[in-house]
Engineer: 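There's a structure below that I have some questions on.
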Amino acid sequence: MSTVTTSVPEVATTAARAPSSRQAPPATLAIFGSAGDLTKRLVVPALYNLVRAGRLADGFSIIGVDISDQTDESWRNSLTEMMQAFVRAGAGAIDEQAWSWLTRRMRYLRGDFAQPETYSRLATILEERERQNNVANVLFYLAVADRFFGPVIEQLGRAGLTRQSDHAWRRVIVEKPFGHDLASAKALNAQILKVLSEDQIYRIDHFLGKETVQNILVLRFANGIFEPLWSREHIDHVQITAAETVGVEHRGRFYERTGALRDMVPNHLFQLLAMIAMEPPISFDADAVRAKKTELFHAIHSISPANSVRGQYGAGVVLGRHVADYRHEPDVAPDSKTETYVAFKLGIDNWRWAGVPFYLRTGKYLSARTTEIAVQFRQAPYALFRGTSVEHLPANILRLRIQPDEGLSLSFSAKRPGEEIEIDGVEMNFAYRDYFAPLRTVGYETLIYDCMIGDATLFQRADTVEAAWRAVQDLLDAWARAPAGDFPNYAAGSAGPEAADRLLARDGRAWLPIGAGHPHRERNE
Ligand code: BG6
């Protein structure tokens with residue numbers, strides 16, 4: 001988290017339009033997987049936005065490393081086409097000055113990640129850079145399939161490229177997925193920690209690049225009104241939802257060996273869980289924050305299959321479009337047992353949360369796209385209303401809308417005007433767009449910038465990643481032992497399997513409707 005400013009609405013608008021001009025130190029960014037999708041869709045647009053915000057120093061440059069047969073020119077051209085389409089989609093025009101600033105600094109290196117020669121050629125280019133521009137800092141970005149993480153880092157080490165000095169840092173950004181389970185995450189950590197020290201490794205979880213996720217800590221700890229209520233004394237339960245309206249698209253091969261639990265839970269959903277449930281860190285210092293997250297993951301009870309539901313989508317209609325069932329997606333087995341939906345209840349065994357259920361769910365091809373956290377407070381005592389027509393008191397729910405329609409709302413009870421005592425559920429709503437200028441970002445800007453300034457707060461530490469895998473490992477094992485027999489069990493475009501509703505109904509609770517935006521009103525009519 002690089003910037004923390006306080007503001008009132010009028011000031012906030014100005015602050016969002018005029019970001020601080022603090023520049024990252026000059027560095028070379030070497031992108032492995034530079035011809036791939038991630039580089040095109042996220043890394044390069046984020047760099048372009050950083051240029052526009054004045055965050056990159058003159059000595060910044062990029063070396064794209066990939067196996068595909070390209071030249072500097074053809075690589076730049078393919079990125080230019082992509083950027084033009086990207087900017088057009090946002091109904092804008094490319095900022096030629098910023099884009100040419102960036103493309104001038106791009107160079108392509110064709111190379112096989114498995115061949116030592118690729119690394120010795122990269123070393124030669126980096127030495128040249130150092131001689132010519134006096135820039136020795138290097139950020140290696142591994143935008144590659146996870147099977148390359150370990151081998152590429154080993155090769156970097158062997159070529160002497162990870163060695164730091166007083167005037168030169170060497171850092172590595174590792175993308176998701178970090179491991180496939182606890183054992184593989186441990187093995188990968190052990191492998192890369194032989195080459196790099198922990199403070200050189202930046203494990204990305206792109207959810208932490210989202211402003212609304214970063215805002216959770218501000219909401220909790222920069223306000224006096226929430227934290228005193230933030231515990232089992234006042235909170236009935238918490239729901240965390242990441243619902244998607246996309247299917248597996250062209251990622252069938254990856255998804256078949258991954259599934260919704262691995263793809264979304266120990267990483268993205270647990271980041272939301274950590275932000276909402278961790279103890280207050282003593283500062284924004286990377287280790288202070290990450291230690292609290294790790295402690296929280298260690299306090300999670302093992303998740304039992306009896307408290308979990310898995311689902312796979314059948315054919316259906318999503319946002320008005322007919323779509324096929326998962327088993328007919330490209331590269332998916334016709335009898336696939338892979339889950340595209342998961343919901344479960346978990347408990348956190350500490351003084352703050354013991355006894356408070358956390359219900360988490362995520363799935364592909366659901367009825368609406370929404371990521372949100374709903375904190376439901378305990379019911380007020382009813383006695384006062386016994387003699388009235390009020391049958392029940394609507395719940396107080398604090399709803400944090402992570403995306404889209406970013407903001408938050410608080411629902412509470414109000415007396416409906418009139419002679420009788422009648423109660424209505426009403427809400428207060430905060431929408432980012434009402435207070436802040438829209439940020440045209442892809443979510444990777446802060447992450448890349450933070451890495452360049454050496455701030456690891458928003459990145460995963462080795463023990464945090466392992467603690468998260470540990471919390472889901474029993475469920476992974478149980479599901480692997482007993483494949484689901486009822487797939488497909490939800491229609492694309494629905495709210496997920498019915499069993500997920502029963503999971504909460506058992507506890508006398510219900511999921512909030514997906515994508516309803518604001519708390520539904522309960523009227524006593
Ligand atoms: C990725 C998962 O990490 O996150 C995808 O692999 C998922 O399956 C995506 O769709 C969700 O991210 P976002 O930012 O679109 O909510």
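Everything quoted here is computed from the prediction, not taken from an experiment. Just so you know, these numbers use all the heavy atoms, side chains as well, and skip hydrogens, waters and symmetry mates. Counting starts at 1 for both ligands and their atoms, following the listed order.
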Engineer: Considering distance alone, does some N or O of K176 sit under 3.5 Å from an N or O of ligand 1?
Structural biologist: yes
Engineer: Which is it for D146 and H180 under the side-chain contact (heavy atoms from CB on, under 4.5 Å) test, yes or no, and what are the steps along the way?
Structural biologist: CA-CA 9 Å; D146 54 335; H180 190 68; 5.9 Å; no
Engineer: Among W353, Y359, F358, which one satisfies ring-ring contact (aromatic ring centres under 6.0 Å, His included) with H237?
Structural biologist: Y359
Engineer: Taking the six-membered ring of F178 as reference, does the NZ or CZ atom of R203 fall below 6.0 Å from its centre and within a 45° cone about the axis?
Structural biologist: yes
Engineer: Would K210 count as being in polar contact with ligand 1, using the rule that some N or O on each side must be under 3.5 angstrom apart?
Structural biologist: yes
Engineer: Can you name the atoms of ligand 1, numbered from 1 with element, that are less than 4.0 Å from a heavy atom of Q403?
Structural biologist: 13 (P), 16 (O)
Engineer: May I ask you to list the atoms of ligand 1 that are less than 4.0 angstrom from any heavy atom of H268?
Structural biologist: 1 (C), 3 (O), 4 (O)
Engineer: Just jot down the ligand 1 atoms closer than 4.0 angstrom to any heavy atom of D263, in number order.
Structural biologist: 2 (C), 5 (C), 6 (O), 8 (O)
Engineer: Is ligand 1 under 4.0 Å from a heavy atom in the side chain of F207, in the backbone, in both, or in neither?
Structural biologist: side chain
Engineer: Going by heavy atoms in the side chains, are F221 and P281 under 4.5 Å from each other?
Structural biologist: yes
Engineer: Give a yes/no on ligand 1: does T371 have at least one heavy atom closer than 4.0 angstrom to it?
Structural biologist: no
Engineer: Answer yes or no for R55 and Y449: cation-pi contact, defined as NZ/CZ to six-membered ring centre under 6.0 Å and angle to ring axis within 45°.
Structural biologist: yes
Engineer: Check the pair T294 / T464 against side chain to side chain donor-acceptor pair (under 3.5 Å), numbers first and verdict last.
Structural biologist: CA-CA 5 Å; T294 312; T464 320; 2.9 Å; yes
Engineer: Go through ligand 1 atom by atom and flag the ones less than 4.0 Å from a non-hydrogen atom of K364.
Structural biologist: 5 (C), 7 (C), 8 (O), 10 (O)
Engineer: Just go through R251, H206, E249, E244 and tell me whose heavy atom is the nearest to atom 5 (C) of ligand 1.
Structural biologist: R251
Engineer: Before accepting this row, confirm whether a basic side-chain N of the pair E372/R399 lies closer than 4.0 Å to the acidic partner's carboxylate O.
Structural biologist: yes
